[in-house]
Amino acid sequence: MTIFVFFLGALLGFFWLMLLQTLFWNPSKSDSRSHYQKVNKVSDNHWFFLLPTRWPLPLLYWAIVCLCYGGLCVVAFHDSQSFLAFVWLTSAFLLSLTDLIDYSVYPQLLYPAHLLLALAQLRSGASFQWLSLGLLVPLVYFVWQEKMGGGDLLVLSGWRIWLTPTTLLALLLVASSLGLLAFFSYQGIWKKRLAQLPFVPFLSLGLLIVRFIAFHTFDAFFL
């Protein structure tokens with residue numbers, strides 16, 4: 001059953017990629033050149049995805065992304081709250097892709113994702129974690145200093161009310177550590193300073209690790 005879920009998830013991942021391509025990365029012929037020049041200029045640091053002129057994503061990247069989403073579906077399938085896990089991990093997956101490719105968190109995707117997550121949380125009987133609200137206040141300073149993107153804060157704002165303070169702290173710790181590792185690894189490999197780091201993928205990895213893989217371990221560690 002796990003293998004079936006994995007391959008079904010990989011096919012669904014292909015569907016999500018096609019949907020994102022249609023909605024956000026498929027400009028009209030009249031402005032296609034300016035669109036790709038804009039995206040490639042932003043992505044000039046050779047980050048994971050680059051958009052060539054003719055193909056929105058190299059085929060190898062399509063395969064990698066689809067297989068990764070298949071793995072997320074397996075995690076959601078084995079979670080005690082499968083529907084909630086599926087909604088949360090899918091929204092994190094889609095937001096991570098847009099941030100990776102063109103450093104954007106699209107409102108057309110962000111707000112429906114937060115709404116679906118809220119409905120899934122309420123359906124599962126989850127309660128609001130009001131104490132977690134205060135943990136994001138210091139992050140506003142980093143956004144104001146342009147050390148952190150506003151989209152990153154908006155993503156966290158939709159997640160934080162469903163995470164306990166300890167879980168949210170662990171998520172930020174893991175995401176920051178992975179981001180620093182990627183930052184210095186990039187410098188070591190390409191001998192070039194990374195101009196901009198897409199942080200939503202690291203927030204999503206932190207969510208996956210802390211909330212869905214090692215949830216009880218992190219809670220016990222902080223307590």
Side-chain angles (χ1 to χ4, degrees), residues 2 5-6 8-10 12-13 16 48 65-100 105 109-139 142 148-149 151-182 197-223:
T2 298
V5 171
F6 175 79
L8 183 63
L12 186 56
W16 289 129
F48 187 67
V65 170
C66 291
L67 293 176
C68 288
Y69 186 72
L72 292 180
C73 288
V74 171
V75 173
F77 177 75
H78 289 287
D79 193 80
S80 58
Q81 296 176 315
S82 296
F83 178 74
L84 171 60
F86 175 77
V87 170
W88 206 341
L89 291 175
T90 297
S91 65
F93 170 80
L94 297 177
L95 292 169
S96 297
L97 279 182
T98 60
D99 195 30
L100 269 172
V105 176
L109 180 61
L110 175 68
Y111 298 121
H114 282 345
L115 177 61
L116 287 175
L117 176 60
L119 293 175
Q121 293 280 6
L122 294 175
R123 177 181 178 271
S124 67
S127 57
F128 294 102
Q129 300 294 328
W130 299 108
L131 292 177
S132 297
L133 294 175
L135 295 179
L136 294 187
V137 174
L139 299 181
F142 292 102
M148 181 180 182
D152 304 330
L153 185 61
L154 289 174
V155 171
L156 275 175
S157 297
W159 294 354
R160 50 77 171 100
I161 58 174
W162 309 113
L163 298 170
T164 63
T166 54
T167 303
L168 181 57
L169 283 173
L171 187 156
L172 292 172
L173 176 63
V174 172
S176 299
S177 300
L178 292 174
L180 286 172
L181 179 61
L197 183 72
F199 195 53
V200 174
F202 300 106
L203 292 175
S204 299
L205 283 173
L207 177 73
L208 174 66
I209 294 170
V210 172
R211 177 60 179 81
F212 294 102
I213 295 180
F215 178 68
H216 299 293
T217 303
F218 274 98
D219 260 10
F221 174 79
F222 277 92
L223 291 176

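We're numbering straight along the sequence, starting at 1.
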Undergrad: Tell me the closest heavy-atom pair linking Pro201 and Asp99, and the distance in Å.
TA: CD-OD2, 3.5 Å

Undergrad: Once you round to the nearest 0.5 Å, how far does CG of Leu131 lie from CZ of Arg160?
TA: 12.0 Å

Undergrad: Tell me the closest heavy-atom pair linking Leu203 and Asp152, and the distance in Å.
TA: CD1-O, 3.9 Å

Undergrad: If you compare all heavy atoms of Gly13 against all heavy atoms of Cys66, which two are closest, and at what distance to 0.1 Å?
TA: C-SG, 3.9 Å

Undergrad: What heavy-atom pair brings Pro198 and Leu100 nearest, and what distance separates the two atoms?
TA: CG-CD2, 4.1 Å

Undergrad: To the nearest 0.5 angstrom, please state how far the CG atom of Leu117 sits from the CG atom of Leu122.
TA: 9.5 Å

Undergrad: For Leu153 and Met148, which heavy atoms make the closest approach, and how far apart are they?
TA: N-CE, 4.0 Å

Undergrad: As an exercise, state the distance from CG of Leu154 to CG of Leu136, rounded to the nearest 0.5 Å.
TA: 10.5 Å

Undergrad: Just to verify, what does Ser96 make a side chain to side chain donor-acceptor pair (under 3.5 Å) with, not counting sequence neighbours?
TA: Ser204

Undergrad: Taking ring pair (Phe, Tyr, Trp, His ring centres under 6.0 Å) as the definition, give me every residue that meets it alongside Phe128, ordered by chain and number, with sequence neighbours left out.
TA: Trp130, Trp162

Undergrad: For a side chain to side chain contact (heavy atoms under 4.5 Å, CB included) check, start with the C-alpha distance between Thr2 and His78, then their side-chain angles and the critical distance, and finish with the verdict.
TA: CA-CA 9 Å; Thr2 298; His78 289 287; 3.0 Å; yes

Undergrad: Do Arg123 and Val87 touch side chain to side chain, with heavy atoms closer than 4.5 Å?
TA: no

Undergrad: Between His114 and Tyr111, how do the two ring planes meet: parallel, tilted or perpendicular, split at 30° and 60°?
TA: perpendicular

Undergrad: Does the side chain of Phe6 come within less than 4.5 Å of Cys73's, by heavy atoms?
TA: no

Undergrad: Please report the closest heavy-atom contact between Ile161 and Gly158, naming both atoms and the distance.
TA: CG1-O, 4.4 Å

Undergrad: Under the side chain to side chain donor-acceptor pair (under 3.5 Å) definition, can you give me all pairs with a residue in residues 81-95, not counting sequence neighbours?
TA: Tyr69-Thr90

Undergrad: What is the distance from atom CZ of Phe93 to atom CG of Leu207, rounded to the nearest 0.5 Å?
TA: 14.5 Å

Undergrad: What I'd like to find out is whether the side chain of Val174 reaches to under 4.5 Å of the side chain of Leu205, using heavy atoms alone.
TA: no

Undergrad: With heavy-atom distances below 4.5 Å as the criterion, would you say the side chains of Leu156 and Leu171 are in contact?
TA: yes

Undergrad: Please step through side chain to side chain contact (heavy atoms under 4.5 Å, CB included) for the pair Phe202 and Ser176, ending with a clear verdict.
TA: CA-CA 7 Å; Phe202 300 106; Ser176 299; over 6 Å; no

Undergrad: To the closest 0.5 Å, what do you measure between CZ (Arg211) and CG (Leu163)?
TA: 7.5 Å

Undergrad: Rounded at 0.5 Å granularity, tell me how far CG in Leu95 sits from CH2 in Trp159.
TA: 7.0 Å

Undergrad: Checking side-chain contact (heavy atoms from CB on, under 4.5 Å) against Leu110, which of Val200, Val155, Thr98 comes through?
TA: Val155

